[in-house]
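This one's a predicted model, so the numbers in the text were calculated from it and none came from an experiment.
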Amino acid sequence: MNPICCPQCGGLSAYCVRPDGLFQCPECGDLLDRRDIDLDGMEVWGVSADGTLSTATDPAHSLDCLMEAIEEFLTADECPNAEYARLDSMRSATESLAAYIDARRLGIKRPELGYTEESVRTAVNAGADMVLGEISLGEPEEDAINLVVNAAITSLTNPGASFAEMVEENYGESADEIRSWWGWSK
């Protein structure tokens, strides 16, 4: 963690949170609004347990670096100086883990791992739109693609759901009604 120090008084003191949500320098009284905090790169800001405004490495970046360090450790034997590579990867892993812990202590939320439901929903719909936009299909085939999209998303949010449950959830119809659209059968 790195405290954000007040530039008005020469960086002698770090800003501290006030009850109104602003940050104030205890030396000169300069105020800082959260909207005025502008960070570059992989830094995020938060408030430490003692109320000090601080920056830390984004926990998502820290986890990426940790995973990279683990991979470097696992492949160290492929390097000309394997012992050095192992030690360097352990140093990197330790630094990355410490940076992650610092960010979490500042109250920064842990990053989402994997894909979110919304990102999957967007990707599946974009894939259907890509196919439907480039291939001239008839209405039955387009409906079938849309059924698959809805089935995939239902399977994500409700694993083990049946066709009938998916149809009821997405179309408000019975499975038999959907099958009757184009003479589809079971």
Side-chain angles (χ1 to χ4, degrees), residues 1-130 149 152-160:
M1 280 185 277
N2 299 307
I4 297 178
C5 294
C6 174
Q8 304 304 321
C9 62
L12 299 175
S13 295
Y15 286 99
C16 295
V17 68
R18 296 181 355 164
D20 62 3
L22 292 174
F23 300 98
Q24 185 172 27
C25 173
E27 290 293 318
C28 70
D30 185 55
L31 293 177
L32 179 66
D33 188 285
R34 64 179 176 77
R35 293 174 293 217
D36 296 327
I37 301 171
D38 184 25
L39 301 174
D40 295 324
M42 292 292 140
E43 285 192 313
V44 293
W45 66 270
V47 179
S48 65
D50 69 356
T52 302
L53 177 62
S54 300
T55 63
T57 302
D58 185 325
H61 180 69
S62 297
L63 287 179
D64 287 344
C65 291
L66 178 60
M67 295 304 128
E68 188 176 307
I70 291 169
E71 289 302 316
E72 288 172 0
F73 181 82
L74 294 173
T75 59
D77 288 335
E78 299 169 14
C79 296
N81 187 339
E83 185 62 26
Y84 174 80
R86 272 192 292 283
L87 290 172
D88 190 53
S89 65
M90 289 170 52
R91 179 199 50 77
S92 294
T94 302
E95 288 174 2
S96 299
L97 182 58
Y100 179 82
I101 291 169
D102 282 348
R104 295 290 289 125
R105 284 187 175 147
L106 279 178
I108 308 301
K109 292 181 181 179
R110 67 180 179 86
E112 292 285 333
L113 300 177
Y115 297 100
T116 65
E117 178 185 334
E118 188 57 35
S119 67
V120 171
R121 183 180 305 273
T122 300
V124 170
N125 278 297
D129 292 344
M130 179 192 306
V149 166
I153 293 169
T154 298
S155 295
L156 175 68
T157 60
N158 185 7

Colleague: Does S13 have any side chain to side chain donor-acceptor pair (under 3.5 Å) partners at least two apart in sequence or in another chain, and if so, which?
Modeller: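 In terms of side chain to side chain donor-acceptor pair (under 3.5 Å), with neighbours along the sequence ignored, S13 is linked to E27.
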Colleague: Kindly write out the residues that satisfy side-chain contact (heavy atoms from CB on, under 4.5 Å) with E118, not counting sequence neighbours, or none if the list is empty.
Modeller: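 Residues passing side-chain contact (heavy atoms from CB on, under 4.5 Å) with E118: T116, R121, T122.
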Colleague: Applying side-chain hydrogen bond (donor to acceptor under 3.5 Å, both in side chains), which residue pairs with at least one partner in residues 63-80 are found, sequence neighbours left out?
Modeller: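 Only D77-R86 qualify under side-chain hydrogen bond (donor to acceptor under 3.5 Å, both in side chains).
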Colleague: Among residues two or more places apart or on two chains, list those pairs meeting salt bridge (charged side-chain N to carboxylate O under 4.0 Å, His left out) that have a residue in residues 89-99.
Modeller: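 For residues 89-99: D88-R91, R91-E95.
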Colleague: List the atom pairs, donor and acceptor, that lie under 3.5 Å between side-chain atoms in residues 96-109 and the rest of the protein, sequence neighbours left out.
Modeller:
| from | atom 1 | to | atom 2 | distance (Å) |
| --- | --- | --- | --- | --- |
| S96 | OG | S92 | O | 2.9 |
| D102 | OD2 | M1 | N | 2.9 |
| R104 | NH1 | I108 | O | 2.8 |

Colleague: Could you pull out all residues at least two apart from C28 that satisfy side-chain contact (heavy atoms from CB on, under 4.5 Å)?
Modeller: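 Result, side-chain contact (heavy atoms from CB on, under 4.5 Å) vs C28: C6, Q8, C9, C25, D30.
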Colleague: Which residue pairs satisfy the salt bridge (charged side-chain N to carboxylate O under 4.0 Å, His left out) criterion with at least one member in residues 2-23, sequence neighbours excluded?
Modeller: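 The answer is R18-D20.
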Colleague: Can you tell me how far CZ of R34 sits from CG of L53, rounded to the nearest 0.5 angstrom?
Modeller: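 Separation between the atoms: 12.5 Å.
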Colleague: Without placing hydrogens or testing angles, list every side-chain donor-acceptor pair under 3.5 Å for residues 35-44, not counting sequence neighbours.
Modeller:
| from | atom 1 | to | atom 2 | distance (Å) |
| --- | --- | --- | --- | --- |
| R35 | NE | D33 | OD1 | 3.1 |
| R35 | NH2 | D33 | OD2 | 3.1 |
| E43 | OE2 | T55 | OG1 | 3.3 |

Colleague: Show me the pairs that pass ring-ring contact (aromatic ring centres under 6.0 Å, His included) and involve residues 45-70, at least two apart or across chains.
Modeller: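 Every ring-ring contact (aromatic ring centres under 6.0 Å, His included) pair that includes a residue of residues 45-70, provided the two are not neighbours, is F23-W45.
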Colleague: Please report the closest heavy-atom contact between L66 and A93, naming both atoms and the distance.
Modeller: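 Heavy atoms only, the tightest pair is CD1-O, 3.6 Å.
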Colleague: Considering residues at least two apart in sequence or located in another chain, which fulfil the side chain to side chain donor-acceptor pair (under 3.5 Å) criterion with S54?
Modeller: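 Counting only residues at least two positions away or on another chain, S54 forms no side chain to side chain donor-acceptor pair (under 3.5 Å).
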Colleague: After noting the C-alpha distance and the side-chain angles of L113 and L63, does the key distance pass the side chain to side chain contact (heavy atoms under 4.5 Å, CB included) rule?
Modeller: CA-CA 10 Å; L113 300 177; L63 287 179; 4.2 Å; yes
Colleague: Could you list the residues that satisfy side chain to side chain donor-acceptor pair (under 3.5 Å) with T154, not counting sequence neighbours?
Modeller: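 T154 satisfies side chain to side chain donor-acceptor pair (under 3.5 Å) with N170 once adjacent residues are dropped.
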